[in-house]
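A short worksheet on the structure shown next.
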Number of protein chains: 2
Amino acid sequence: MNTMNTIECARNKIASPLIRKISRLECQDINTLSKNISCGKTVILKNKIHNLKKPCAIGRGLRTKVNVNMGASTEVSSIKTELKKLKISIDYGADTVMDLSVGKNVRKIRQEIIAHSTIPVGTVPIYEAAQELEHKRKNLFKMTKDDILEVLERQAEEGVDFFTVHAGITKEIIKKIPYKKRIIEIVSRGGAILANWIIHNNKENPLYEYFDNVLKIAKRFDITLSLGDGLRPGSVLDATDEIQLYELRKLGQLSKYALERGVQTIIEGPGHVPLNQIEKNIKMQKQICHGAPFYVLGPLVTDVSSGYDHISASIGGALASYYGADFLCYVTPSEHLRLPSIDDVREGLIASKIAAHAADIAKGIPYQIDWDRKISQARKSRDWTKQIKLSIDPVKAKRYRSQSKLQESSVCTMCGKYCSLKLIEKCF
Amino acid sequence: MNTMNTIECARNKIASPLIRKISRLECQDINTLSKNISCGKTVILKNKIHNLKKPCAIGRGLRTKVNVNMGASTEVSSIKTELKKLKISIDYGADTVMDLSVGKNVRKIRQEIIAHSTIPVGTVPIYEAAQELEHKRKNLFKMTKDDILEVLERQAEEGVDFFTVHAGITKEIIKKIPYKKRIIEIVSRGGAILANWIIHNNKENPLYEYFDNVLKIAKRFDITLSLGDGLRPGSVLDATDEIQLYELRKLGQLSKYALERGVQTIIEGPGHVPLNQIEKNIKMQKQICHGAPFYVLGPLVTDVSSGYDHISASIGGALASYYGADFLCYVTPSEHLRLPSIDDVREGLIASKIAAHAADIAKGIPYQIDWDRKISQARKSRDWTKQIKLSIDPVKAKRYRSQSKLQESSVCTMCGKYCSLKLIEKCF
């Protein structure tokens, strides 16, 4: 039984300890959960060999999950900083982290993150493959399918729980699509690496051509594949265009193909999408991808919010999740400007958590509104200790309160003696 | 002609300099603008005697406007700080400010704000009326209609451009409504003051009973009345309840009554509203209030975001504006915790500006998307100077960029040499 994958357990109506644990955590009965896993509408992120305190289920009827992107770059690289980012992510309630490191120490950083993480860890293996070519002083274009599969194999053995694979960028789309209609052709790092490779070699994307090999590795370790949107729009003006939809359809086919072979997948989505196109984007994804969980990056609802892209993303994320997105990739204030600092990680995560929670209330996910009820009751009775404890960031709420010089401790400095709550306490 | 009000000009098809200026600023032809003003679907905020550099129109087909609440409290009071808040509000693109001061120096602070503001200034005159009673060492309950009307008259003469009047809180609603169904009965400061007064005196709300006198003052100075929602929900669990709707219907009647008498009004709205109730709230307001401009406070889409309520409000505000709200009252990170600092004002304003802009793009307000096009083009060409200049907060964007230690100046520290934009520059 232990050697069975999550999908196999679900299909055989076997309530594995993992399925039972998720059922309990998510307040969803085992039958419903198993049914949704069987048909690919829910996934559980957990590498078979990763000893994970908090595995994470994503999908139908479940609480919206939030991912934190972290990792070093070729410009800034510190294991210590990345581990601090991991700690703050876990402390502030991230459901998963993705290590997107490039540059020095890629492997060491990933191994440390996997060792210290209590939540599922995802990666984009093509980054390490590109990196290794560079170490060997070889050109990126010389990358072979074996280079890529070796990295996948190694990361699987290390315990990575989910992989982003940009398998939907085919040679056909790279050759045929009218890029001139776009303001920014490609904004995905993985997408840009693969597009370059395809154009230079005039060959098919190895992740697409050898998708069966990718599936084999994923199946062996029960790794979930996050089918990457390497051609996502990078401007609200490029949203929902022909290129994006071509790739989405391809991801839908791959998702179905993987499901038939017992591999769990989620679908990555844009990016930059104006408010009025979000509902359509989610509904199309759900239709095209047979209800597979949707993992959206933001989306940002405007391109102008550099320095505050976490806010733009929280607007888009809340709406996306309300219409059915299952998994939000956070965006930090530093997006488009720099590698996020530890503070940026916290700010981005909290913004995304607010979006997810707001959507969960609106969707009626069981028990989610209880949090709002409790804090509102504490607010009414001006129980400041309780109100602070129930805030999304008790540390910041406490700091704000403690910095206030109060003459009257039962109110706050906003209204002082004209506190509406105090004024009405004997009214009703 | 100069003695005519904006509504009178519009109704008589007279293109006053003010109407011409707004038509130019908003790229809306004079006929459409005048028609909308005539029927109360658009208002222009400007006291006849206030020399105002940037009057502000709010309503149908126009860019969504953003208001900054400022002002001292009984706990914290500094004219200097308030003027700094005003400056930062204007610098970062606020369309209006409201001085909500209570406590010491109320009059002085207001006068200074009016003197220094290039944008319309609003107030809640009941605050000063309450304050004056206290100065006279009298109980709040002893407030008379003359006390209130005197304050209105005086503030009008000082040049206040719009007044919040909580005229919809009638004796009937205070007596009859089942408050026990609410978690928090009243969260509006003005609402709490008036509810107290009504209960204690067992008399009708003077702002309702003497609404004709209020209209006379407003008409004389061409002041817009913002019909306050003193009974707005203060928790997502209280949203869209019987109490809120009773007051909204009352405000609809008052708005119609004012319009017939040549006084411009806008309608204030909640507050705390779950995502899935926002569309309904906006559509009801527009229907009940004959299309009068809707001025929403937030709305917050969850109660748990203390310390980050600006983010919760930007989610709600973006959606509200997309569905038809015309005017967003910002919310700062300090909401529910303390009087906002200068930094809080900036953070709150920018969050609201992002929400308003995102909605304006989605609604197709003319020329708004141009900003996104320009910054995306700068982003594509990695023109960092231009990209920073076009950011919603160039100071923050520049700081983020300049703190980065770059080995390679054409990229950023996020992706370094694996910058997708750089990778693809020779691809297409």
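Just so it is clear: chains get the letters A, B, ... in the order the sequence lines come, proteins before strands, and each one is counted from 1.
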### Query
So which of Ile199(A), Ile375(A), Val301(A) has the biggest tally of heavy-atom pairs under 4.5 Å with chain B?
Ile375(A)

### Segment of Gln131(B) engaging chain A (4.5 angstrom heavy-atom cut-off)
both

### Message
As an exercise, state the distance from OG of Ser306(B) to CD of Gln387(A), rounded to the nearest 0.5 Å.
### Response
5.5 Å

### Message
Testing the basics here: between Ala192(B) and Ile424(A), what is the closest heavy-atom pair and its distance to 0.1 Å?
### Response
CB-CG2, 3.7 Å

#### Entry: Ile350(A) portion near chain B, given a 4.5 angstrom heavy-atom threshold
side chain

## Note on the structure
Rounded to the nearest 0.5 angstrom, the OH-CD1 distance for Tyr308(B) and Ile311(A) is 11.0 Å

### Positive for side chain to side chain contact (heavy atoms under 4.5 Å, CB included) with Arg338(A), one of Arg401(B), Gln403(B), Met414(B)
Gln403(B)

### Task
Give, for atom OH of Tyr322(B) and atom CD1 of Ile278(A), the distance between the pair rounded to the nearest 0.5 Å.
9.5 Å

### Query
From Ile184(A) CD1 over to Ser381(B) OG, what is the distance, rounded to the nearest 0.5 angstrom?
9.0 Å

### Query
When you look at Leu337(A) and Cys412(B), which way does the side-chain contact (heavy atoms from CB on, under 4.5 Å) test go after all the steps?
CA-CA 6 Å; Leu337(A) 292 169; Cys412(B) 84; 6.0 Å; no

### Summary
Minimal heavy-atom distance between Ser305(A) and Ile354(B), with the atoms involved, is CB-CD1, 3.7 Å

### Message
Please check this pair: side chain of Asn196(B) against backbone of Leu423(A), looking for a donor-acceptor N/O pair closer than 3.5 Å.
### Response
yes

#### Entry: Option in Ser391(A), Gly307(A), Ser376(A), Gly416(A) with maximal non-hydrogen atom pairs under 4.5 Å from chain B
Ser376(A)

### Task
May I ask you to name which of Val304(B), Ile183(B), Ile392(B) has the most heavy-atom pairs under 4.5 Å with chain A?
Val304(B)

### Query
Hey, which of Lys396(A), Lys405(A), Lys353(A) has the most heavy atom pairs under 4.5 Å with chain B?
Lys396(A)

### Query
When heavy-atom pairs shorter than 4.5 Å are enumerated against chain B, which of Leu390(A), Val76(A), Ile369(A), Val411(A) gives the highest number?
Ile369(A)

### Message
What part of Ala72(B) gets within 4.5 angstrom of chain A, counting heavy atoms only: side chain, backbone, both, or neither?
### Response
neither

### Query
Is it true that a side-chain atom of Thr413(A) and a backbone atom of Leu339(B) form a donor plus acceptor pair closer than 3.5 Å?
yes

### Message
Just so I understand: if I count every heavy-atom pair under 4.5 Å between each of Lys422(B), Arg399(B), Gln377(B), Arg373(B) and chain A, which residue has the most?
### Response
Arg373(B)

### Message
Looking at Lys363(B), I want to see if its NZ is surrounded by more than 12 non-hydrogen atoms of other residues, nucleotides or ligands under 6.0 Å.
### Response
yes

### Interchain contact, His310(B) with chain A, by part (heavy-atom threshold 4.5 Å)
side chain

## Note on the structure
Most heavy-atom pairs under 4.5 Å with chain A, out of Thr74(B), Leu406(B), Val236(B), belong to Thr74(B)

### Message
Heavy-atom pairs under 4.5 Å with chain B - which of Ala318(A), Ala355(A), Ser341(A), Ser314(A) has more of them than the others?
### Response
Ser314(A)

## Note on the structure
Interatomic distance, CD@Glu134(B) vs NZ@Lys417(A), rounded to 0.5 Å, equals 3.0 Å

### Message
Can you tell me which portion of Leu237(B) sits under 4.5 Å from chain A's heavy atoms? Options are side chain, backbone, both or neither.
### Response
side chain

### Any donor-acceptor N or O pair under 3.5 Å, side chains Arg379(B), Ser235(A)
no

### Query
Does any heavy atom of chain B fall under 4.5 Å from the side chain of Val102(A), the backbone, both, or neither of them?
side chain

#### Entry: Interchain contact, Leu100(A) with chain B, by part (heavy-atom threshold 4.5 Å)
neither

### Query
So which of Glu335(B), Glu185(B), Gln277(B), His357(B) has the biggest tally of heavy-atom pairs under 4.5 Å with chain A?
Glu185(B)

### Query
What part of Ile193(B) gets closer than 4.5 Å to chain A, counting heavy atoms only: side chain, backbone, both or neither?
both

### Between Ser188(A), Ala195(A), Pro274(A), the one whose heavy-atom pairs under 4.5 Å with chain B are most numerous
Ser188(A)

### Task
Please round to the nearest 0.5 Å and tell me the distance separating atom CD1 of Ile361(A) and atom OG1 of Thr302(B).
4.0 Å

### Query
Of the backbone (N, CA, C, O) and the side chain (C-beta and beyond), which part of Asp238(B) lies under 4.5 Å from a heavy atom of chain A, both, or neither?
neither

#### Entry: Residue part contacting chain B, namely of Pro333(A), when any heavy atom lies under 4.5 Å
both

#### Entry: Top contributor to chain A interface from Ile174(B), Leu300(B), Asp344(B), Leu421(B) [non-hydrogen pairs under 4.5 Å]
Asp344(B)

